[in-house]
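Structure, as structure tokens:
We name chains A, B, ... by the order of the sequence lines, and we start the count at 1 in each one.
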Amino acid sequence: MCGRMVQSKSPKNLQAILNFKDNPEMSFTPRYNIAPTAEIIAVRQKEEERELSYFHWGLIPMWARDRNFSTQTFNARSETLAEKASFKEAFKRRRCLIPVDGFYEWQQGPSSKNKVPFYFQKESEEPIVFAGLWEFWRDANNPEAPPIESCTIVTTAANSFMQSFHHRMPVMLAKEDWQLWLDPNFEDIATLERLLKPRESLSISAHPVSSAVGNTRNDSPDMTKPIASQPSLF
DNA sequence: CCAGACGTTGTT
DNA sequence: GTCTGG
DNA sequence: CCAGACGTTGTT
DNA sequence: GTCTGG
């Protein structure tokens, strides 16, 4: 769950909601069809301030031999964050918020070769804020190279709305939980885990979109536009 | 003890 | 680095 | 997540 | 079928 998403709102736009510090250095390109291993923006706590920066989507633990590890860690199950070697350190000290316009999900059709992509977004114009973890990694084979900062999106059981599409969904945090999730000094695992339970009141809408979204070369606002849910027979 | 994996999704 | 399997 | 490749020898 | 690239 959650392997394709949209980040088109400018940092300036997001800053009003997420209160990170200005970073005039950062260049931003709106994207409408982001896949795992791409660079995505996320917010983390840096000392007293929040910081927005780019992260490689797919968490690379410090001990990983190569970055290819990240192809299997673009999601992290909330139920086992505290146990899994790949995530437990980041869960304790390196949590982040991942603001998105929305995300895509493929609903399984009647036959196994028949998947329909849907776009999910907030019913309001607000961004959805995913719970994420981040990590930094140095390539032992290339110590000269700059370290890579990577991240993952935490998933949970689908709520009743998402259930009709999928049995999992990304954790979408309520605004009042953002501060606690970001705080690296907060280490009460039980309290953090409570934030990751599926919430019913998410105000998410869904509509089917063009199958063109399947190909990551297609990256335009058209990807998010509704199409008729059933192809006409005549 | 050392060696080798370390992950998710979905599907069977 | 840390856990699991042998 | 989906789309697309998936191999060798030898020569440039 | 399974891995890699986007």
Could you state the interatomic distance from CD1 (A:Ile98) to CD1 (A:Ile40), rounded to the nearest 0.5 Å?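 Interatomic distance, A:Ile98 CD1 to A:Ile40 CD1, rounded to 0.5 Å: 4.5 Å.
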
Nearest-angstrom distance, [atom1] atom, [N] to [M]:
N: D:dC6; M: B:dG4; atom1: P; value: 30 Å
N: D:dT9; M: B:dC1; atom1: C1'; value: 46 Å
N: E:dG1; M: B:dT8; atom1: P; value: 24 Å
N: E:dG6; M: B:dC2; atom1: P; value: 41 Å
N: D:dG7; M: E:dG5; atom1: P; value: 12 Å

Going by an N to O cut-off under 4.0 Å, is there a salt bridge joining A:Lys46 and A:Glu49?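 Salt bridge: no.
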
Looking at A:Arg94 and A:Glu135, is any side-chain nitrogen of the basic one under 4.0 Å from a carboxylate oxygen of the acidic one?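 Salt bridge between A:Glu135 and A:Arg94, a charged N being under 4.0 Å from a carboxylate O: yes.
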
Quick one: which protein N/O atoms are closer than 3.5 Å to N/O atoms of nucleotides 4-6 of chain D? Pair and distance per line, please.
residue: D:dG4; atom: OP1; partner: A:Arg217; partner atom: NH2; Å: 3.4

Could you tell me whether the side chain of [X] and the main chain of [Y] form a donor-acceptor pair under 3.5 Å?
X: A:Arg194; Y: A:Ile189; answer: no
X: A:Trp178; Y: A:Val129; answer: no
X: A:Arg50; Y: A:Leu18; answer: yes
X: A:Asp219; Y: A:Ile34; answer: no
X: A:Asn159; Y: A:Pro198; answer: no
X: A:His56; Y: A:Ser70; answer: no
X: A:Glu193; Y: A:Ser78; answer: no
X: A:Tyr119; Y: A:Gly102; answer: yes

Nearest-Å distance for atom pair [atom1]/[atom2], residues [X] and [N]:
X: A:His56; N: E:dG5; atom1: NE2; atom2: C1'; result: 11 Å
X: A:Met223; N: E:dG6; atom1: CE; atom2: P; result: 19 Å
X: A:Glu135; N: C:dG1; atom1: CD; atom2: P; result: 12 Å
X: A:Asn114; N: B:dT11; atom1: CG; atom2: P; result: 12 Å
X: A:Arg67; N: E:dG5; atom1: CZ; atom2: C1'; result: 13 Å
X: A:Asn218; N: D:dC1; atom1: CG; atom2: C1'; result: 14 Å
X: A:Arg65; N: C:dG1; atom1: CZ; atom2: C1'; result: 14 Å
X: A:Asn33; N: D:dC2; atom1: CG; atom2: C1'; result: 9 Å

Using heavy atoms and a sub-4.0 Å distance, could you list which residues of residues 146-154 of chain A are near DNA chain B? By number, please.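 Close to the strand, none.
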
Pull out every residue in residues 76-104 of chain A that has a heavy atom closer than 4.0 Å to any atom of DNA chain B, ordered by number, or say none.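 A:Ala76, A:Arg77, A:Thr80, A:Lys84, A:Ala85, A:Ser86, A:Phe87 - these, ordered by number, are the residues of the stretch whose heavy atoms sit under 4.0 Å from the strand.
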
Within the structure, does a side-chain N or O atom of [X] lie under 4.0 Å from either OP1 or OP2 of [N]?
X: A:Thr155; N: B:dT9; value: yes
X: A:Gln108; N: B:dT9; value: no
X: A:Asn68; N: E:dT4; value: yes

Listing, residues 19-27 of chain A side-chain donor-acceptor contacts under 3.5 Å, not counting sequence neighbours, or none:
residue: A:Asp22; atom: OD1; partner: A:Gln15; partner atom: NE2; Å: 3.3
residue: A:Asn23; atom: OD1; partner: A:Glu25; partner atom: N; Å: 3.2

So, does the side chain of A:Thr37 form a donor-acceptor pair with the base of E:dG6 at under 3.5 Å?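 Pair found.
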
Heavy atoms under 4.0 Å, any strand shown: does A:Trp106 hit a base, just sugar-phosphate, or nothing?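 A:Trp106: backbone/sugar contact only, no base atoms under 4.0 Å.
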
Would you write the dot-bracket representation of DNA chain B, where each base gets (, ), [, ], | or . depending on whether it forms a Watson-Crick or G-U pair under 3.5 Å and with which partner? ||||||......

Within the supplied structure, the quantity of interest is the number of heavy atoms (other residues, nucleotides, ligands) at a distance under 6.0 Å from A:Glu123 CD; does it exceed 12?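 Result for CD/A:Glu123: enclosed.
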
Test A:Met172 against A:Ile128 for side chain to side chain contact (heavy atoms under 4.5 Å, CB included), laying out the working first. CA-CA 7 Å; A:Met172 297 172 250; A:Ile128 297 172; 3.5 Å; yes

Show the atom names and distances, to 0.1 Å, of all donor-acceptor pairs under 3.5 Å that link a side chain in residues 145-156 of chain A to residues at least two apart or in another chain.
residue: A:Glu149; atom: OE1; partner: A:Arg44; partner atom: NH2; Å: 3.0
residue: A:Glu149; atom: OE2; partner: A:Arg44; partner atom: NH1; Å: 3.0
residue: A:Glu149; atom: OE2; partner: A:Arg44; partner atom: NH2; Å: 3.4
residue: A:Ser150; atom: OG; partner: A:Ile60; partner atom: N; Å: 2.8
residue: A:Thr152; atom: OG1; partner: A:Thr73; partner atom: O; Å: 2.9
residue: A:Thr152; atom: OG1; partner: A:Phe74; partner atom: O; Å: 3.1
residue: A:Thr152; atom: OG1; partner: A:Asn75; partner atom: N; Å: 3.3
residue: A:Thr155; atom: OG1; partner: A:Arg168; partner atom: NH2; Å: 3.1
residue: A:Thr156; atom: OG1; partner: A:Leu196; partner atom: O; Å: 2.9

